[in-house]
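Worksheet: the structure to be examined is printed underneath.
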Amino acid sequence: MSGAVTRLVPLENFCATGSGGTPSRSNSKFYGGDIPWVKSGELRENVIFRTEETITAEALKQSSAKLVPNGAILLAMYGATVGRLATLGVEAATNQAICNIRPDPAIAHTQYIYRALEAKVPELIAQASGGAQPNISQEKVRKIKVPLPPLDEQKRIAAILDKADQLRQKRRQAVALLNNVGSALIDEITTHSSSRLTTLGECLSFVTSGGRNWSRYYAETGDRFIRSLDVQMNSLSNEEIVRVQAPDNAEARRTRTQIGDVLLTITGSRIGRVAALKDAEANSYVSQHVAILRPITSKVNPEYLSFFLSSSAGQRQIAKWQYGQTKPGLNFDQIRSFELPDVDREIQMQFVSKVHAVVRRKAESYNQGVMLDNLFSSLQHRAFSGQL
């Protein structure tokens, strides 16, 4: 484009579109064949080579599912996945929630159209009709207008955006790997430590949980009140801090946090989230859904305990002991029964030091990721406004 004004052309002028279907689940002969069948929830990767389910040739004959050629662009049209995009890496069928888009190769470069649609996703979602089940009709997809420069220019732009996106994906993969380092270090410590185990109860001086009906003490100013939704894995969320003017009574004194406390969510869907309090987060109060674990620091470092409970080994303990199906929960006796390796304090501190180094690297990777996302957005804007 290089600054030239490029005409906007609706997809229907140079793309064929279609949607799929779901063969009857009651007929076992329709499933388990050799035809990949894509559901909208699988539009997570740029290119789809494999699918969770396959269907048979008979299913194609007896349903609205149709074969879509390798290279087609897939767009989720409704539900929680609305606006997701992917490209087919194999010939496949799709369900009815997916629109397939097949550009005329003599007019449009598929990857360029993919990137153009990617830039349109926020606009598409904003236009999606319906409240509980937002949707984009195939007719709306066909009316989407994109700039359509000559093919060579399309290929040049797509190559630039692909390269920028590769850098973004590599950075995200690096962050994902760093997210697993804590559990890997815990596993390493467990493997190389002695076989001795201790119970969490032997490492705690105090366990309690918050009281009920603290909402009556909510105030504009005062001490922090920590709810279960505030407890993330190994940190507290500061997105929506609640303050309370706490009463001067036994319950408030019992549930006031101290430096070195570890918080653990003990009920509901958020069960098992854990965080060691930073010094500035102490002297807070907690809801009834949050337990305060007060470590005997000569036996266990609070940060080490938090990272152990958040690791795969710790989460298995939580899953083992939680009770109740409708509303899972943990009681204090079960918490005290958690087992952990009896590791020397020196090894615990070495672990905490390694984790801090990982946290710093994660912060650096996150900041670099934000820069790459901003760069990609800038390139997208320039690409489809004739400035690239």
Side-chain angles (χ1 to χ4, degrees), residues 175 178-183 185-186 189 200 203-211 214 217-246 252-266 270-311 314-315 318 330 335 338 340 343 345-367 370:
V175 172
L178 288 171
N179 286 337
N180 296 326
V181 169
S183 286
L185 288 172
I186 284 288
I189 287 174
L200 185 51
C203 300
L204 300 176
S205 63
F206 180 70
V207 183
T208 192
S209 61
W214 272 76
Y217 303 122
Y218 284 8
E220 292 294 323
T221 60
D223 296 308
R224 182 168 185 179
F225 182 73
I226 300 171
R227 305 156 298 169
S228 60
L229 61 86
D230 298 323
V231 183
Q232 308 298 311
M233 280 301 192
N234 299 303
S235 67
L236 293 185
S237 169
N238 294 317
E239 287 186 11
E240 185 185 341
I241 294 178
V242 172
R243 301 284 178 184
V244 291
Q245 290 290 338
R253 289 189 288 274
R254 174 179 60 81
T255 60
R256 189 173 177 86
T257 64
Q258 298 180 10
I259 293 173
D261 283 351
V262 175
L263 303 186
L264 174 68
T265 56
I266 55 174
R270 300 175 184 277
I271 193 168
R273 297 191 185 187
V274 59
L277 292 181
K278 298 182 176 68
D279 291 357
E281 296 166 341
N283 300 316
S284 301
Y285 299 91
V286 300
S287 80
Q288 69 200 69
H289 307 295
V290 179
I292 299 172
L293 314 182
R294 191 157 294 153
I296 300 170
T297 54
S298 60
K299 293 185 176 182
V300 63
N301 175 274
E303 287 182 281
Y304 172 79
L305 176 59
S306 177
F307 278 104
F308 174 80
L309 291 176
S310 69
S311 72
Q315 291 293 299
I318 291 168
L330 292 167
I335 292 171
F338 291 172
L340 60 159
V343 178
R345 279 275 300 179
E346 182 180 347
I347 295 176
Q348 293 181 33
M349 294 307 295
Q350 290 173 2
F351 165 81
V352 170
S353 178
K354 289 180 179 178
V355 168
H356 283 170
V358 171
V359 169
R360 287 193 295 272
R361 287 172 59 193
K362 282 174 65 176
E364 292 169 1
S365 290
Y366 175 80
N367 290 334
V370 169

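Excluded from the calculations below are hydrogen atoms, water molecules and symmetry mates; all remaining heavy atoms, backbone and side chain alike, are included. Note that the structure is predicted; figures quoted are calculated from it, not measured.
Closest heavy-atom contact between T255 and S209: CG2-O, 3.3 Å. Of all the heavy atoms in E303 and V352, the pair that sits closest is OE1-CG1, 3.5 Å. In terms of heavy atoms, V262 sits closest to P295 at CG2-CG, 4.1 Å. Minimum interatomic distance between C203 and K299 (heavy atoms only, all atoms of both residues): CA-CD, 4.3 Å. The minimum heavy-atom distance linking R345 with S298 is given by the pair CG-O, 3.5 Å. Closest non-hydrogen pair, T221 versus R243, comes out as C-CB, 3.9 Å.
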Fill in: Evaluation steps, side chain to side chain contact (heavy atoms under 4.5 Å, CB included), between L204 and L305
CA-CA 11 Å; L204 300 176; L305 176 59; 4.3 Å; yes
Item to complete: Go through the steps to decide whether R224 and N238 satisfy the test side chain to side chain contact (heavy atoms under 4.5 Å, CB included), and finish with yes or no.
Response: CA-CA 11 Å; R224 182 168 185 179; N238 294 317; 2.9 Å; yes
Worksheet entry | Steps toward side chain to side chain contact (heavy atoms under 4.5 Å, CB included) verdict (E281, T257) | CA-CA 8 Å; E281 296 166 341; T257 64; over 6 Å; no
Fill in: Verdict with reasoning, L229 to E240, per side chain to side chain contact (heavy atoms under 4.5 Å, CB included)
CA-CA 10 Å; L229 61 86; E240 185 185 341; 5.5 Å; no
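In this structure, the separation between OG1 on T265 and CG on L330 is 8.5 Å, given to the nearest 0.5 Å. The CE atom of M233 sits 11.0 Å away from the CZ atom of F307 when rounded to the nearest 0.5 Å. If you take CG on D230 and CD1 on I241, they are separated by 8.0 Å, rounding to the nearest 0.5 Å. Note that CZ of R273 is 10.0 Å distant from CD of Q315, once rounded to the nearest 0.5 Å. Rounded to the nearest 0.5 Å, atoms OG (S287) and CZ (R227) are 9.0 Å apart.
Counting only heavy atoms from C-beta outward, the side chains of I318 and L264 approach each other to under 4.5 Å. V343 is listed as a side-chain neighbour of Y304, based on a closest heavy-atom distance under 4.5 Å. Using a 4.5 Å heavy-atom cutoff, the side chains of L293 and F338 are not in contact. No side-chain heavy atom of V207 sits less than 4.5 Å from a side-chain heavy atom of I292.
Tested against S306, the residues L263, N301, L277, N234 include a single side-chain contact (heavy atoms from CB on, under 4.5 Å) partner, N234.
Ring geometry, W214 versus F225: the interplanar angle falls under 30°, so the pair is classed parallel (tilted spans 30 to 60°).
Side chain of S311 to backbone of F308: a donor-acceptor contact under 3.5 angstrom is found. At least one donor-acceptor pair under 3.5 Å links the side chain of S205 to the backbone N or O of R294.
R270 and S228 are not linked by any side-chain donor-acceptor pair at a separation below 3.5 angstrom, with hydrogens and angles left out of the test. For the residue pair R256 / Y285, a side-chain donor-acceptor distance below 3.5 Å is found, with atom types taken as modelled.
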